[in-house]
Amino acid sequence: MKEVVLKADKLNKYFYEPTKFQVLKNISFEVKKGEFVSIVGKSGCGKSTLLYLLSTMDTDYEGTISMTGEKLTGKSKNDLAKFRNEHIGFVFQFHYLLPEFTVLQNVMIPALKLGKFSKKEIEEQALAKLALLGMEEHAHKLSSRLSGGQQQRVAIARALINNPTIIMGDEPTGNLDKKNTQNVFEILKNLSQTYHQTIIAVTHDTDFAQNSDRIIEMSDGEIINGESAK
Amino acid sequence: MKLAFQIAITQLLAKLSQTIVAMLGVTFGIGMFIGMISLMKGLNGFTDDLAMATTPHIRIYNDVKLERTPLLEEIFPNQMNLVHHQKPKNERKDLKNGFQIVNYIKNDPRVLGVSPQLSTQVFYNYGVVQLNGTISGVDILQEDKMFDLQGKIKAGGLQELIPPNDCILIGKGLAKKLNAKVGDRVTITTPQGYTMKLKVVGIFQMGIGAIDDIKSYANIATVQKIMQKDSRFITEVSVKMKNIKESGVVAKEYSKLFDYKAEDWETANATILVGKVFRDILTFAVSFTLLVVAGFGIYNILNMTIYNKMKDIAILKATGFTSGDVVRIFMVQSILIGLVGSVAGLLMGFGLASWLASIPVDFGDAFSLTRLPVSFDPTYYYIGVIFGITTTALAGYLPSRKAGKIDPIQILRG
């Protein structure tokens with residue numbers, strides 16, 4: 001039995017604009033260490049909303065979320081920011097690198113924020129992560145000079161820099177062409193299999209979902225399939 | 001904090017042109033403030049100096065006394081007396097024991113300088129023309145100490161006035177009318193009919209036409225001779241205080257002590273004083289307006305700068321930066337913009353003031369003014385820098401606090 005890293009218990013969320021509307025209905029599930037989970041469903045089914053709850057960035061919900069045994073619900077924003085910094089790595093649909101910084105700096109920033117290692121060690125780690133993603137030769141370029149696929153790979157390296165408990169992806173391949181989609185998926189799959197990295201990704205891409213370990217399917221704010229692990 | 005500083009610097013340098021525009025916003029605000037205030041202060045200061053150039057802080061003289069008890073009242077105090085349109089008595093206009101008064105005042109620690117003098121009306125004779133004017137007998141060294149005569153001498157010098165020679169120092173306008181140069185002799189006549197020839201040893205210019213056109217200085221003894229009075233005869237004592245604000249109090253004190261009229265400059269120049277107060281109010285209003293306008297400009301620029309960075313803020317927050325970190329990053333940027341912009345503003349203000357001070361002006365002979373008067377009082381430079389930095393800090397703090405509180409999801413979702 002593998003250890004549970006993420007536990008969502010009876011999550012309910014409402015939108016109040018324009019009228020009161022329940023986006024998430026009584027959602028409960030667990031994610032085990034090393035699992036590669038895809039959350040799928042039609043637009044508006046609440047899958048991105050769910051991911052943002054799990055990411056700790058959205059705190060306006062009912063129910064509880066725990067990660068690595070630590071209850072996150074009810075913590076202060078600053079504590080959550082610290083927790084995010086250490087335990088969660090993000091990959092967004094639109095790469096979202098800081099355009100004024102070099103690739104290497106972009107990867108290093110979350111680690112510098114965490115402040116666990118010296119700058120020199122962090123630089124070595126960042127270069128190692130970039131090498132893992134085949135991006136070390138671009139390390140000293142400005143991030144805005146890279147192509148979309150390259151930027152997404154840098155974003156994954158940034159997500160990995162603090163060796164997070166979970167990597168969360170919001171449509172990580174949503175903005176990429178087929179070749180780059182394939183490429184990014186291979187990287188995530190590799191991370192999951194080789195390094196037992198836990199990954200949760202929201203996606204529209206059925207191929208992407210089919211090839212992951214587990215699919216959580218949502219519809220109208222409820223999980224209709226994949227509540228428990230295979 | 002070090003990380004926030006690094007991020008702040010990198011962002012500032014990456015968008016260098018934007019940073020420079022923001023800094024220039026501060027620079028122009030502060031620079032214009034300093035430039036304008038320097039000019040206003042310079043002009044005001046010039047007007048004030050002009051007014052004070054020949055005005056002693058306290059003047060002690062023997063005022064014509066109109067209100068005296070009729071003699072009749074003194075002799076028959078218990079009787080009903082009626083005296084119509086009483087005239088002043090023929091009294092000597094001098095200060096008895098005037099030199100004692102001077103010696104007493106000289107020892108007053110509040111006093112900078114004291115000068116005895118006597119003045120009389122005279123006619124300057126130029127061919128058949130007689131020009132009306134006044135001549136003052138003064139202790140020229142004391143007078144110089146109090147009113148910086150040396151600085152106002154345009155030709156010749158004032159040393160020859162120290163011994164009681166028959167020498168005279170005349171105003172520039174008067175010299176022009178008399179066509180007199182240093183070394184020439186002018187003839188003067190008193191209203192009593194006494195005529196004397198005096199050698200011109202210097203020409204001065206106070207910058208006020210009303211003085212330069214009529215006034216001349218001579219040794220006290222010379223004027224006593226012209227007026228045919230004894231060597232103790234002086235008509236007034238001028239006093240210059242160390243602190244001009246004490247004039248009123250000290251004047252009252254002297255008035256009581258010497259039993260002569262002691263008039264302080266504020267009473268004598270009430271209109272000038274009101275004008276000064278009005279000019280100060282105007283200066284304050286203008287500087288306040290300039291600072292408010294500059295402040296709003298700075299606020300707008302920083303607000304825009306931070307608004308443009310919303311996406312970056314969202315990323316930073318998603319990767320674990322707290323709202324405090326975000327505020328720190330933008331505060332560093334704001335303060336740097338404020339600091340560099342303000343210092344550049346000082347230089348610009350100084351440049352502007354220097355340029356204004358180099359503009360030649362010509363107000364004719366009435367004023368001894370060749371360039372625009374500009375103040376280089378450092379006070380306004382301090383105000384400029386302090387204002388520039390506090391405004392940018394505040395203008396940076398408000399939007400960055402708002403940005404720190406922003407929900408990253410709203411930005412990341414697009």
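To find a chain, count down the sequence lines: A is the first, B the second, and so on, and within it residues start at 1. Quantities reported herein were computed from a predicted structural model and do not represent experimental measurements.
- Residues forming a salt bridge (Lys or Arg N to Asp or Glu O under 4.0 Å) with Lys129(A) (at least two apart in sequence, or on another chain): none.
- The parts of Ile109(A) that come within reach of chain B are both its backbone and its side chain, each placing non-hydrogen atoms under 4.5 angstrom from that chain.
- Remark: Lys311(B) NZ to Leu98(A) CG distance equals 9.5 Å, nearest 0.5 Å.
- Sorted by first and then second residue, the pairs that involve residues 83-93 of chain A and meet salt bridge (Lys or Arg N to Asp or Glu O under 4.0 Å), not counting sequence neighbours, are Glu86(A)-Lys116(A).
- For the pair Leu3(B) and Met108(A), the minimum side-chain heavy-atom distance is 4.5 Å or more.
- Taking a 6.0 Å sphere around CE of Met310(B), one finds it holds more than 12 heavy atoms contributed by other residues, nucleotides or ligands.
- Within a 6.0 Å sphere centred on NZ of Lys242(B), other residues, nucleotides and ligands contribute more than 12 heavy atoms.
- Around NZ of Lys402(B), the count of heavy atoms belonging to other residues, nucleotides or ligands within 6.0 Å does not exceed 12.
- Of residues 7-27 of chain B, those residues lying under 4.5 Å from chain A by any heavy-atom pair are Ile7(B), Thr10(B), Gln11(B), Ala14(B), Lys15(B).
- Pairs of residues two or more places apart, or lying in two chains, that qualify as ring pair (Phe, Tyr, Trp, His ring centres under 6.0 Å) and include a residue from residues 328-352 of chain B are Phe350(B)-Phe376(B).
- With a 4.5 Å cut-off on side-chain heavy atoms, Thr319(B) and Ile88(A) do not count as touching.
- Contacts between Lys77(A) and chain B at a heavy-atom distance below 4.5 Å are absent for every atom of the residue.
- In plain terms, the two heavy atoms of Gly320(B) and Asn85(A) that are nearest each other are CA-CB, 3.7 Å.
- For the residue pair Phe321(B) and Ala81(A), the shortest heavy atom distance occurs at O-CB, 3.9 Å.
- In Phe28(B), the CZ atom is not crowded: 12 or fewer heavy atoms of neighbouring residues, nucleotides or ligands sit closer than 6.0 Å.
- Under a cut-off of 6.0 angstrom, the local environment of CZ in Arg401(B) is sparse, with at most 12 non-hydrogen atoms contributed by other residues, nucleotides or ligands.
- In this structure, Phe296(B) places its CZ atom where only 12 or fewer heavy-atom neighbours from other residues, nucleotides or ligands lie under 6.0 Å away.
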